[in-house]
Amino acid sequence: MITITIANNFKPREENIIEKTRETNDVYTIELASDSNSLPGQFYELSVLGIGEAPISVASSSTERLKFTVRNIGHVTSKIFEQDRIGVRGPYGNHWPFEKYDRILAIAGGIGVPPIRSLIHELKGKKELWVIYGARTPSDLVYKYEFDQWKNLSNLILTVDRGDENWNGKVGLVTKFISEIPNLKNMAAFLIGPPIMMENSVKELLKYEVSPENIYLSLERRMECGFGVCGHCNVGHFYVCEDGPIFKYSEVRDLPEVFL
Amino acid sequence: MIYSLNGHEIAELFERIKKDFETYGTIDVQGDVIFSKIEKYHELKIARSDKPPKEFLIGRNENVLTLPEPSKKAVFGVMSCDLKGFYIMDRQIYGKDPFYTIKRENTIFVNYVCTEPCKTGFCSAFGGPLMDDYQIQVVNYEKDKYVVYVNDKYDSYFKGFKQASNDEISKVENLMKRFNEKQEKHNVEGIENRIKWNSKLWDKYAKICIQCGACNYSCPTCYCFDLNDVGDERIREWDSCILAGFTRTSAGNPRENLSSRLRQRFYHKFVYYKKSRGVYLCTGCNRCTDDCPVDIEIKEVIDHDYDSE
Ligand SMILES: Cc1cc2nc3c(=O)[nH]c(=O)nc-3n(C[C@H](O)[C@H](O)[C@H](O)COP(=O)(O)OP(=O)(O)OC[C@H]3O[C@@H](n4cnc5c(N)ncnc54)[C@H](O)[C@@H]3O)c2cc1C
Ligand code: SF4
Ligand code: FES
């Protein structure tokens, strides 16, 4: 009989949280002691034993320490910030295919921004990178303390749905600013955010003749395992965890459940 | 190798396997057919178990934080339609789920090939009960006569038994031919192109389905599970795509409507898995329908005339 040795990929490793940052009312960033060892767009399962696990995108670049930015929204995400140590397993999934392109437009809505932060720091200004980042209100913007740095590394467009008395930046949905990007036609677009935001952004990009082959979406689904065995995260015949989370628009546009 | 055994030799085979494996089999408990540990071959009752043998490989109430020492099991009396479920799900989860993989490697399933169609099964739509993939496959083709198909890995348990003759093998093949002719026909081929996203079937089913999940639990191919922390354990439990919580997230639920979940179940079986893994996620066992309290029929999903809608 064969005896096979196989690692228990359900079992997380324990990591110390070495830094915690409050970003907004309900969003925080944690930095762990270990190196990131992952690429922009990938994700981990973070866990608090006794509570559960949550899939969370990598917010760090491959040369930083592992970082996550989390919205406090439920059982697990409300407990992580209080911990000194958490469970992590990953990285899972694919990454933004930035290697293939010289000109990239990244569009992030709401809490979709961590993988775009990761991308900005990964590229370090070496490629032509445009970033449109939209949040509901100015107080929902995360990474405010990095925006000056981002402006050096990319062409940054910040926008909010609703301004306040201190906001003198742009107001409007991210889609409104797509037309401001020069020479869109030969660009790649990386989209992450609420489904309706991605759907409308795709429409707008197609209007400017961005190729469906060069538009990428990061999809979000309920996940349990993260590596293709629990069956929770399907979109059509794909599992988001193992075939994604990033999909070429041309490969998913005919799947009826993409923008749900 | 293919062997020819008599009843006495089958019992002898059981004893040989028992030296290396814990032996399990289907037994009759007051009319219920269940899998249980057995010590003697004659305890075995050749009849389809009330539940599929899925639990031998996909744990329920299993702590995924600790891999157990593998235990070697031999399971007698598995029906082909149930066994096929494992070969189908292998394509998605073997080598990735360590618990499944280790158990799969340490378990022998001895499947028994039906020679007469059962009441509701439609396995011939998927090739019939004689399997191309097997570990030890038993065909009791005449009284006290068995043709046994053996994967090379287990050949050593057959030392001294005689090989089946061409005559015996062709008897089995003819029997299978007759079986497939006799069983009622359901043409599954090409359903992935016929089935319709907006078919009225999904709403029709949603009106009567009580969301019990029995169809998933009884399915020999359904592999989905959930993880939940209980104290310092992370517990795997079977899950069901019919339940609303299956896809619910903090951001909402992409399958809020029951009709979309029922459709998902059938699309996974007949469209998605075919596309991603090359086979249908169904063996024709009909267990889902047999166990459904409101008689939602998988055969109707296959036979339905989508074009006329
Ligand atoms: C690939 C991926 C990357 C993500 N990246 C981030 C990120 O960087 N930052 C961030 O704040 N959030 C991210 N999310 C969403 C995050 O996973 C959920 O907000 C989180 O799982 C909620 O868990 P909870 O226990 O606090 O919530 P509860 O609502 O209490 O969770 C109950 C159950 O539902 C699951 N669940 C709930 N919401 C989601 C969801 N939106 N997606 C998947 N499973 C969910 C949980 O895992 C848990 O099993 C990401 C989701 C995915 C799929
Ligand atoms: S067994 Fe029948 S009633 Fe129960 S969930 Fe399945 S389809 Fe619905
Ligand atoms: S999260 Fe388990 S299959 Fe994708």
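Here is the naming used below: chain letters follow the sequence lines, and residue numbers restart at 1 for every chain. For clarity, every value in this text was computed on a predicted model and none was experimentally measured.
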ask   = Any luck finding a side-chain donor-acceptor pair between His232(A) and Asp239(B) under 3.5 Å?
value = yes
note = One should read off an interatomic distance between Phe246(B) CZ and Cys233(A) SG, to the nearest 0.5 angstrom, of 9.0 Å
ask   = Distance from Glu192(B) atom CD to His237(A) atom NE2, nearest 0.5 Å?
value = 12.5 Å
Would you mind checking which part of [X] comes under 4.5 Å of any heavy atom in chain B, side chain (CB onward), backbone (N, CA, C, O), both or neither?
X	answer
Ile51(A)	backbone
Asp243(A)	neither
Val235(A)	neither
Phe238(A)	neither

task = Would you mind checking if Arg236(B) and Glu224(A) are paired as a salt bridge, meaning a charged N to carboxylate O distance below 4.0 Å?
result = no
request  = Among the options Thr247(B), Leu227(B), Asp20(B), Asn253(B), pick out the one with the most heavy-atom pairs lying under 4.5 Å from chain A.
outcome  = Leu227(B)
ask   = Relative to chain A, which of Arg248(B), Arg255(B), Gln264(B) shows the most heavy atom pairs under 4.5 Å?
value = Arg255(B)
Give a yes or no on whether [X] atom [atom1] has more than 12 heavy-atom contacts from other residues, nucleotides or ligands under 6.0 Å away.
X	atom1	value
Arg85(A)	CZ	yes
Lys275(B)	NZ	no
Arg136(A)	CZ	no

message = Which one wins on heavy-atom pair count under 4.5 Å against chain B: Pro12(A), Gly236(A), Gly231(A)?
response = Gly236(A)
request  = Heavy-atom pairs under 4.5 Å with chain B are the metric here; pick the option from Ile111(A), Val229(A), Leu260(A) that has the most.
outcome  = Val229(A)
Is [X] close to chain A through its backbone or its side chain, or both, or neither, when contacts mean heavy atoms under 4.5 Å?
X	result
Glu256(B)	neither
Tyr100(B)	neither
Val230(B)	neither
Tyr267(B)	neither

message = Evaluate His268(B) against Asn234(A) for side-chain contact (heavy atoms from CB on, under 4.5 Å), listing each step before the verdict.
response = CA-CA 9 Å; His268(B) 192 206; Asn234(A) 88 293; 5.8 Å; no
task = Return yes if some donor-acceptor pair links the side-chain N/O of Arg222(A) with the main-chain N/O of Thr249(B) below 3.5 Å, else return no.
result = no
query = Just by distance, do the side chain of Asn9(A) and the backbone of Lys96(B) share a donor-acceptor pair under 3.5 Å?
reply = yes
Can you name the nearest heavy-atom pair linking [X] to [Y], along with the distance?
X	Y	result
Ser47(A)	Arg234(B)	CB-NH2, 3.5 Å
Ala7(A)	Leu67(B)	C-CD1, 4.4 Å
Pro98(B)	Ile6(A)	CA-CD1, 3.8 Å

key: Residues Phe10(A), Asp97(B); criterion side-chain contact (heavy atoms from CB on, under 4.5 Å); working and verdict   = CA-CA 8 Å; Phe10(A) 285 104; Asp97(B) 184 330; 3.6 Å; yes
request  = Check the pair Asn8(A), Thr66(B) against side-chain contact (heavy atoms from CB on, under 4.5 Å), reporting the backbone distance first and the verdict last.
outcome  = CA-CA 8 Å; Asn8(A) 186 1; Thr66(B) 351; 5.7 Å; no
